[in-house]
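Count residues from 1 along the sequence.
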Amino acid sequence: MVITNKNGKLVGPFSKKGVIKAALVIAASWPVMAHAEDVAKPDAADATDNEILVTATKRAVSVQDVPLAVAALDGDALEKTNAIDLTRLGNIDPGLQIQSKGAGDNQIIIRGIQSAGASLVSVYMDEAVVTGSDFNGSGGRQSSLPFYDVERVEVLKGPQGTLFGSGSMAGSVRVVANKPDLDDYSFKISGSAEGGAGTNALYETYGVANLPIVKDKLGLRITAWDVDGGGYLDRDADTSPKAENNTNDQHVKGARAILRWDATDNLTLTFTGLTQKLVVDDVDYYMRTDGPYIIGTPTLGGWDETDHLASFVGEYKLDFGTITATSSYYKKELLYRSDTTYITKLFDLPGGYQINEGQDRSIWSNELRFASAFSGPFQVVAGLFYERDRDLSQNVIGLAAADGNLPCTLYEDCSAKGLQSDLLFSRALQHDVDQYAAFGQADYDITEKLTFTAGIRYYTGKLDWQEYSNQSLRLPDSPVQDGPVTTLDDKSTQHNTSFNFSLGWRPTDEVSFYARAASGFRLGGINSLSSRQLDPTVPVGYDSDTLWNYEVGAKFALFDRKLTIDTAAYYIDWSGQQVSQVTKSGITSYIANAGTSDVKGFELSFSARPVPGLTVGGGFTYTESKLTEDQPLADTDPAAGHKGDHIPLVPKWSFTGQLGYEMPVGSSTVYAQTSFNYRGRAYTDFNENGLYIPMEAYFRADASVGVRHGEWDISVFVKNLTDVAAQIGVVPLTGAVPDGEASITTIRPRTFGVKLSTGF
């Protein structure tokens with residue numbers, strides 16, 4: 001198939017550049033393929049015969065025995081369905097929604113718990129905390145760290161504050177990487193090339209090397225990846241500094257190394273290092289008034305992010321349990337450039353203005369815990385936790401040059417270049433949080449089939465918030481500020497306690513039921529001084545919000561696990577919800593507490609192997625999330641939420657499905673598979689008096705067919721089979737802009753490609 005773009009040029013893997021890159025991918029794979037031809041691959045159908053073990057309770061337990069809703073997504077299944085990063089994880093789990101503002105800027109929503117403020121879902125890479133933070137107060141900036149070479153991804157639904165802390169009010173996501181095999185060498189490489197009408201070619205390659213250094217004692221596992229291309233948004237020559245098709249190419253390079261040392265029969269030490277560089281050549285959104293795939297802003301944009309992670313895990317096994325010590329350091333640096341002319345129009349300023357936002361964040365997290373392995377009916381997990389979170393966020397707004405970019409990055413660079421007079425506004429926010437916690441959770445087997453669980457976590461958070469005005473809001477002819485001025489220096493200490501109670505009943509090995517009540521909380525914070533200067537009614541700060549989650553669930557693993565079904569029904573009582581409010585001027589926003597809300601929902605997922613070679617899976621979720629009382633200022637501010645209004649961004653219905661079939665043909669296996677997902681309609685605000693923009697419903701699907709022969713695996717695929725411009729992120733714009741204006745993040749149009757992987 002020959003694919004051309006809007007101008008009739010060859011695109012994708014079929015262009016001259018595409019053929020060269022595809023040849024390089026295959027050439028890189030050839031030394032591996034030459035040794036892999038006769039190596040047998042285990043039958044995938046046998047991989048699910050045993051129960052799946054998860055560590056959601058910080059001990060290895062069968063998913064059937066965990067008294068909470070857990071989606072355990074196998075690494076091989078994730079790769080088959082192309083869910084190899086966070087943004088695509090929601091395609092196979094209907095209870096997980098990703099609100100995306102583009103690559104590197106994602107917000108995770110579980111069970112309809114969504115609002116401004118800090119993140120409501122914690123994210124872990126093994127034992128390391130990598131939860132995102134956005135100083136704009138949307139719970140976003142979650143990095144898209146990839147899922148290459150992972151054992152599984154666990155999605156824990158409902159509050160996990162007892163074991164995972166304050167950022168887990170709605171749930172937790174844990175990525176568990178494959179660890180080194182200390183016995184055998186193994187290698188794998190996988191490459192794909194894809195393209196379609198209206199897109200640049202996308203090339204994706206990753207490789208894995210497992211190296212036993214000292215047999216049975218010391219091993220190293222290295223995973224590396226490279227992603228390049230894939231742009232699909234076009235610059236409009238009438239409104240942009242340049243005309244360019246498919247301007248938002250991505251460039252991702254990363255690697256992970258895991259060193260495992262079995263120092264003694266009882267002591268295992270694991271060291272992990274990860275690094276990733278992400279560059280996006282332009283913004284990843286279009287304006288609603290311009291229509292899909294068109295960037296009509298008068299300035300350019302882009303995303304430049306670097307992530308580093310170093311972690312240590314030590315496990316010492318005793319006759320009666322395991323002591324685990326963990327320490328990890330996560331570092332994130334980014335620079336984000338986007339258009340802000342819609343704000344400067346409020347001041348009748350000519351020309352295009354750009355905002356540059358920078359973030360320099362580090363998380364140092366440490367935990368010491370004990371998980372028992374007693375012989376009796378009583379088991380316990382208990383530990384201590386400390387985390388130091390340092391977040392420096394900066395921004396500058398200034399006049400873009402003729403090329404569409406601000407000629408400096410952040411304030412220090414602008415000052416060094418003598419460009420302060422080009423700046424309209426600049427500030428820096430330093431948010432430092434030190435967290436201390438002690439936690440414990442106990443399980444007691446009342447009978448052989450009935451288990452009671454109780455957990456508690458006591459938490460102290462010390463907040464140190466500082467704000468610096470590098471340049472107060474000014475017009476071009478106003479005086480230039482001499483230098484940074486400290487405008488906010490506030491410290492506070494907050495305490496809270498989380499609880500977890502559950503009762504699990506397993507009448508047979510195939511069936512289990514549970515009932516659970518658990519609480520969660522999230523720290524409050526301070527509103528910026530600039531917001532308060534623009535509107536004196538803006539509160540100085542906002543309090544923590546809390547919730548209680550009540551649920552009942554059932555899990556079935558029938559017919560020798562040929563059919564598994566997980567269901568849960570839940571009710572959530574949410575108090576003091578943190579929400580974003582817009583100042584009366586419409587220029588900026590702030591965070592306030594919004595009273596109470598409740599969420600009612602039901603979720604179901606299943607997996608079936610009705611006949612040899614055929615696998616069927618899927619699920620759906622129904623969520624009804626509403627305010628149960630008016631927000632503050634509802635009597636005077638028509639944009640405030642009222643009792644009965646739905647929580648923004650949360651659809652009522654979502655469902656996903658997967659279908660696969662494979663059959664032997666001679667010494668090879670032929671397979672076909674498809675996956676699809678549906679998201680219902682949602683809105684960006686509580687009611688039509690606010691920034692109420694529809695987030696349209698969509699249905700999307702992917703499909704592939706392929707052949708496996710030994711360790712060789714080659715397939716052809718199509719992504720976004722329905723060619724839908726799915727709205728995976730909608731952000732309304734404040735200020736005097738066209739009615740209903742918003743930035744919309746979407747997915748790539750339909751693409752076709754080929755994938756080749758092998759190993760030995």
Side-chain angles (χ1 to χ4, degrees), residues 13 18 20-42 74-85 88 125-126 144-153 175-194 201-213 219-230 250-260 270-279 306-309 704 706-715 717 753-760:
I20 293 173
K21 280 206 169 186
L24 291 174
V25 170
I26 295 172
S29 306
W30 178 252
V32 179
M33 292 188 288
H35 294 85
E37 183 174 358
D38 297 323
V39 180
K41 185 177 181 69
D74 176 78
D76 290 338
L78 291 171
E79 185 168 357
K80 287 179 180 179
T81 55
N82 195 45
I84 49 81
D85 65 23
R88 288 177 270 191
M125 296 290 291
D126 288 315
S144 297
L145 297 176
F147 299 157
Y148 300 117
D149 190 36
V150 301
E151 179 182 334
R152 66 184 181 278
V153 175
V175 181
V176 181
N178 283 321
K179 304 304 185 294
D181 182 344
L182 304 184
D183 296 327
D184 299 311
Y185 288 90
S186 63
F187 302 88
K188 178 180 180 179
I189 190 166
S190 176
S192 65
E194 63 181 274
L202 177 67
Y203 305 94
E204 188 170 346
T205 308
Y206 81 93
V208 182
N210 187 85
L211 310 170
I213 300 172
L220 177 67
R221 192 176 186 95
I222 301 173
T223 307
W225 55 90
D226 183 276
V227 181
D228 188 67
Q250 285 190 34
H251 313 279
V252 185
K253 295 182 183 297
R256 181 182 67 231
I258 303 178
L259 181 70
R260 174 185 166 190
T270 305
F271 303 87
T272 300
L274 180 148
T275 183
Q276 177 174 279
K277 176 70 172 178
L278 165 65
V279 176
T306 303
D307 296 89
H308 300 292
L309 173 65
S704 65
V707 179
R708 287 196 303 268
H709 179 76
E711 287 293 319
W712 294 39
D713 191 331
I714 185 168
S715 62
F717 59 83
V754 59
K755 181 178 180 180
L756 175 65
S757 61
T758 189
F760 68 93

Answer whether the closest heavy-atom distance between the side chains of Lys277 and Thr275 falls below 4.5 Å. no

Side chains of Val227 and Glu204: does their closest heavy-atom pair fall under 4.5 Å? yes

Can you name the closest pair of heavy atoms from Val176 and Asp126 and give their distance? CA-OD1, 3.3 Å

Judged by atom type as modelled, is there a donor-acceptor pair below 3.5 Å linking the side chain of Asp85 to the main-chain atoms of Phe147? no

Is any side-chain heavy atom of Leu145 closer than 4.5 Å to a side-chain heavy atom of Leu274? yes

Can you tell me how far apart OG (Ser190) and CG (Leu756) are? Round to the nearest 0.5 Å. 7.5 Å

Heavy-atom side-chain proximity of Asp228 to Leu202 below 4.5 angstrom: no

Rounded to the nearest 0.5 Å, what separates atom CD1 in Ile258 from atom OG1 in Thr270? 8.0 Å

Can you see which heavy atom on Gly219 is nearest to which on Leu182, and at what distance? N-CD2, 3.3 Å

Residues which pass side chain to side chain contact (heavy atoms under 4.5 Å, CB included) with Leu259, listed by chain and number, not counting sequence neighbours: Ile213, Leu218, Leu220, Phe271

Is a side-chain donor or acceptor of Lys179 paired with a backbone partner of Ala177 at a separation under 3.5 angstrom? yes

OG1 (Thr223) and NZ (Lys188) are apart, to the nearest 0.5 Å, by 10.0 Å

Just verifying a value: how many Å separate Ser757 OG and Ile189 CD1, rounded to the nearest 0.5 Å? 10.0 Å

Straight-line distance of His251 NE2 to Leu278 CG, nearest 0.5 Å: 9.5 Å

Donor-acceptor contact below 3.5 Å, side chain Asn210 vs main chain Asp184: yes

Minimum side-chain heavy-atom gap Leu309-Met125 below 4.5 Å: yes

Consider only side-chain N and O atoms of Gln276 and Trp225, and report whether a donor and an acceptor are under 3.5 Å apart. yes

Can you list the residues that meet the side chain to side chain contact (heavy atoms under 4.5 Å, CB included) rule with Lys253, with sequence neighbours excluded? Asp226

Report the residue from Trp712, Phe187, Tyr185 that forms a ring pair (Phe, Tyr, Trp, His ring centres under 6.0 Å) with Phe760. Phe187

Taken to the nearest 0.5 Å, the spacing of Lys755 NZ from Ser715 OG works out to 6.5 Å

I want to check something: taking the side chain as every heavy atom from C-beta on, are Arg221 and Val208 in contact at a cut-off of under 4.5 Å? yes

Taking atom types as modelled and ignoring hydrogens, do the side chains of Asn178 and Asp149 form a donor-acceptor contact shorter than 3.5 angstrom? yes

For the residue pair Thr272 and Arg256, establish whether any side-chain heavy-atom pair is separated by less than 4.5 Å. yes

